[in-house]
Chemist: 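Here it is, the structure, as structure tokens.
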Protein chains: 2
Amino acid sequence: MNFTLNVLGTASALPTTERYPSAQVLNVRGRLFMIDCGEGAQIQLRKSGVSFLRIEHICLSHIHGDHIFGLFGLLSTMAMLGRTAPINIYAPKSFAPILEFFKTRFGEGILYDINYVVLEMTSPEVVYENRNVELLAFPLNHRVETFGYIIREKMPQFNVHKDAIAKYDLTLSEIGTLKRGEDVVREDMVIANSEAAYRPYNPRSYAYCSDTAPFPELAQWVKGVSVLYHEATFPAEMSEMAAKTFHSTTLDAANCAKEAGAGRLLVGHYSSRYPSVDFYLDELRSVFPESYLTRDMDVVEISFE
Amino acid sequence: MNFTLNVLGTASALPTTERYPSAQVLNVRGRLFMIDCGEGAQIQLRKSGVSFLRIEHICLSHIHGDHIFGLFGLLSTMAMLGRTAPINIYAPKSFAPILEFFKTRFGEGILYDINYVVLEMTSPEVVYENRNVELLAFPLNHRVETFGYIIREKMPQFNVHKDAIAKYDLTLSEIGTLKRGEDVVREDMVIANSEAAYRPYNPRSYAYCSDTAPFPELAQWVKGVSVLYHEATFPAEMSEMAAKTFHSTTLDAANCAKEAGAGRLLVGHYSSRYPSVDFYLDELRSVFPESYLTRDMDVVEISFE
């Protein structure tokens with residue numbers, strides 16, 4: 001049951017020869033969520049082998065160019081490839097004129113619906129769900145309206161231990177009760193849910209927080225995620241510049257991961273001042289050991305605990 | 001005296017893993033002309049080592065996405081790099097709302113002037129010139145308003161043979177006469193310009209014709225160019241598709257080069273149906289031997305005859 005992240009671009013503002021601007025694709029059980037779409041995203045997508053036409057959701061954090069200049073090309077290419085399935089785009093309201101412009105100037109020949117979901121929440125809210133997965137959005141702290149995302153598996157139903165079925169001669173109705181997480185109450189006994197049932201897996205989750213300066217609520221909102229992606233545009237020594245530009249340093253990202261009790265921290269959105277960001281890793285791990293630097297074209301498997 | 005072409009992208013409509021969408025930079029004596037700006041052009045530029053900030057002119061052929069989706073990123077990046085020198089953008093009038101949108105939504109922080117030169121001519125006209133170089137534009141034959149370009153050195157003044165100066169004891173005024181291409185008329189003799197003077201070089205020229213279906217005037221308009229770049233989206237067998245989409249085949253491109261008496265033919269803008277276009281070369285050379293396929297990141301020196 002897939003939960004795989006393809007990192008397509010790790011540059012901030014200015015791309016480099018090694019880094020494309022921000023774009024990622026998360027595959028959750030075969031459903032594809034694109035997160036941000038910087039220039040060249042479609043080219044990186046093609047290299048990654050991820051199928052364009054299977055992307056169902058595009059989650060945009062904000063309308064700075066380095067997060068959206070790849071969108072027009074991507075939507076156009078999907079049209080040229082004959083897409084008919086609708087696509088959802090989640091974005092702040094500042095995105096409305098940009099989508100309007102695209103549809104007016106480049107929309108001829110687009111045979112699929114673009115469902116624009118306007119983000120306006122002030123705390124995490126579900127913006128999409130299906131049987132197994134939910135997508136939440138929440139505000140971040142940047143120079144323009146910006147939103148972060150959590151994509152997570154829903155809590156699975158309980159499973160009933162086979163030997164409990166035999167031991168207690170459970171009826172179908174009682175099995176249903178246990179699956180819902182309740183105890184089975186008989187005239188003469190109670191069968192505890194904790195004895196007869198179990199969760200088959202802990203739901204996995206991925207949070208994307210970019211671009212943002214730190215703020216107190218964030219760690220609560222992404223509490224317990226399996227993998228937290230948090231921008232670390234700057235190293236620790238550049239904390240003043242980070243604050244001024246409403247970005248984060250390595251220590252900001254690591255502190256958030258620590259406070260949130262995340263499983264793993266991935267960082268990206270590196271300032272172009274630093275051709276090599278290897279030195280970021282020590283700074284991150286000094287606060288949060290399970291920290292990793294993402295690179296363009298990384299594939300990250302997010303496994304069950 | 002530089003006359004060098006950097007080919008940044010050779011894809012048509014759909015980029016491939018090997019080909020970025022159309023973009024080129026021509027360096028004429030240190031002055032940089034960008035021609036078209038498909039998605040990812042700034043990334044290819046960075047790889048090529050060509051300096052962004054030295055680009056003075058952006059010549060857009062038409063407003064199909066594969067020729068302009070890299071423009072917003074490029075202009076933004078120039079701003080972030082602190083550009084103050086103005087830039088000229090030559091484009092059809094259909095470009096006006098696109099530039100307007102860019103300035104409105106992404107123009108904050110752009111400290112340089114963008115001089116938009118609207119192309120409306122019905123035959124080749126000079127749209128820019130300096131002491132040594134001129135830029136001409138002319139209409140092409142595509143589904144939307146499209147223009148081709150010629151960038152050429154101006155005809156140099158004549159030089160006077162040193163031994164003629166000695167032989168005839170030429171005065172400064174007479175040298176000036178010869179430099180202007182005239183004969184020197186003395187009371188007792190005429191000194192023929194053809195004997196005493198010579199052109200130091202034949203001006204070099206480059207023509208860019210994409211996207212276009214063939215049409216009769218084109219070969220006349222690009223007559224005698226040193227290097228002709230002509231789109232060859234399709235191979236010969238796809239002539240019906242080419243006609244339908246107002247594109248050219250290999251044979252169309254080669255016939256144009258032959259009729260124009262071009263020095264060399266370069267082709268590009270390859271259909272994504274063909275992962276390899278090697279077979280295009282035979283088709284081209286069957287009509288015009290000095291034909292070459294361009295590839296992404298090619299550097300072409302255009303030398304004096």
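Note that the structure is predicted; figures quoted are calculated from it, not measured. Chain letters run A, B, ... following the sequence lines, proteins first, then strands; residues in each count from 1.
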Chemist: Which bit of B/Leu71 comes within less than 4.5 Å of chain A, counting heavy atoms only: side chain, backbone, both or neither?
Modeler: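 Answer is neither: B/Leu71 stays 4.5 Å or more from chain A.
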Chemist: Is it the backbone or the side chain of B/Ala79 that comes under 4.5 Å from a heavy atom of chain A, or both, or neither?
Modeler: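 Contact with chain A: none, neither part.
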Chemist: What part of B/Phe106 lies closer than 4.5 angstrom to a heavy atom of chain A: side chain, backbone, both or neither?
Modeler: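 Only the side chain of B/Phe106 comes within 4.5 Å of chain A.
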Chemist: Indicate yes or no: at least one non-hydrogen side-chain atom of A/Asp66 is less than 4.5 angstrom from one of B/Ser76.
Modeler: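 In short, these two side chains do not touch, never coming nearer than 4.5 Å.
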Chemist: Between atom CE of A/Met78 and atom CG of B/Leu14, what is the distance when rounded to the nearest 0.5 Å?
Modeler: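 So the gap between those two atoms works out to 12.5 Å.
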Chemist: Return the minimal non-hydrogen interatomic distance between B/Met80 and A/Ala13, and the atom names on each side.
Modeler: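 Closest approach of B/Met80 to A/Ala13: SD-CB, 3.5 Å.
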Chemist: Pick whichever of A/Gly70, A/Gly65, A/Pro97 has the most heavy-atom pairs under 4.5 Å with chain B.
Modeler: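 Most pairs with chain B among the choices: A/Pro97.
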Chemist: So, the side chain of B/Arg105 versus the backbone of A/Ile98: is there a donor-acceptor pair under 3.5 Å, distance only?
Modeler: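 Flag not set: sc B/Arg105 to bb A/Ile98 has no pair under 3.5 Å.
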Chemist: Out of curiosity, A/Thr17 OG1 to B/Gln44 CD, how far, rounded to the nearest 0.5 Å?
Modeler: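 So the gap between those two atoms works out to 11.5 Å.
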Chemist: For B/Glu39 and A/Gln42, which heavy atoms make the closest approach, and how far apart are they?
Modeler: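 For B/Glu39 versus A/Gln42, the nearest heavy atoms are OE1-NE2, 2.9 Å.
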Chemist: Would you call the rings of A/Phe69 and B/Phe102 parallel, tilted or perpendicular, taking 30° and 60° as the class edges?
Modeler: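 A/Phe69 vs B/Phe102 ring planes: tilted.
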Chemist: Does CD in A/Glu18 sit with more than 12 non-hydrogen atoms of other residues, nucleotides or ligands closer than 6.0 Å?
Modeler: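 Not buried by this count: 12 neighbours or fewer within 6.0 Å.
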Chemist: Using a 6.0 Å cut-off, check whether atom NZ of A/Lys244 has over 12 heavy atoms from anything other than its own residue.
Modeler: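 Check fails, neighbour count at 12 or below.
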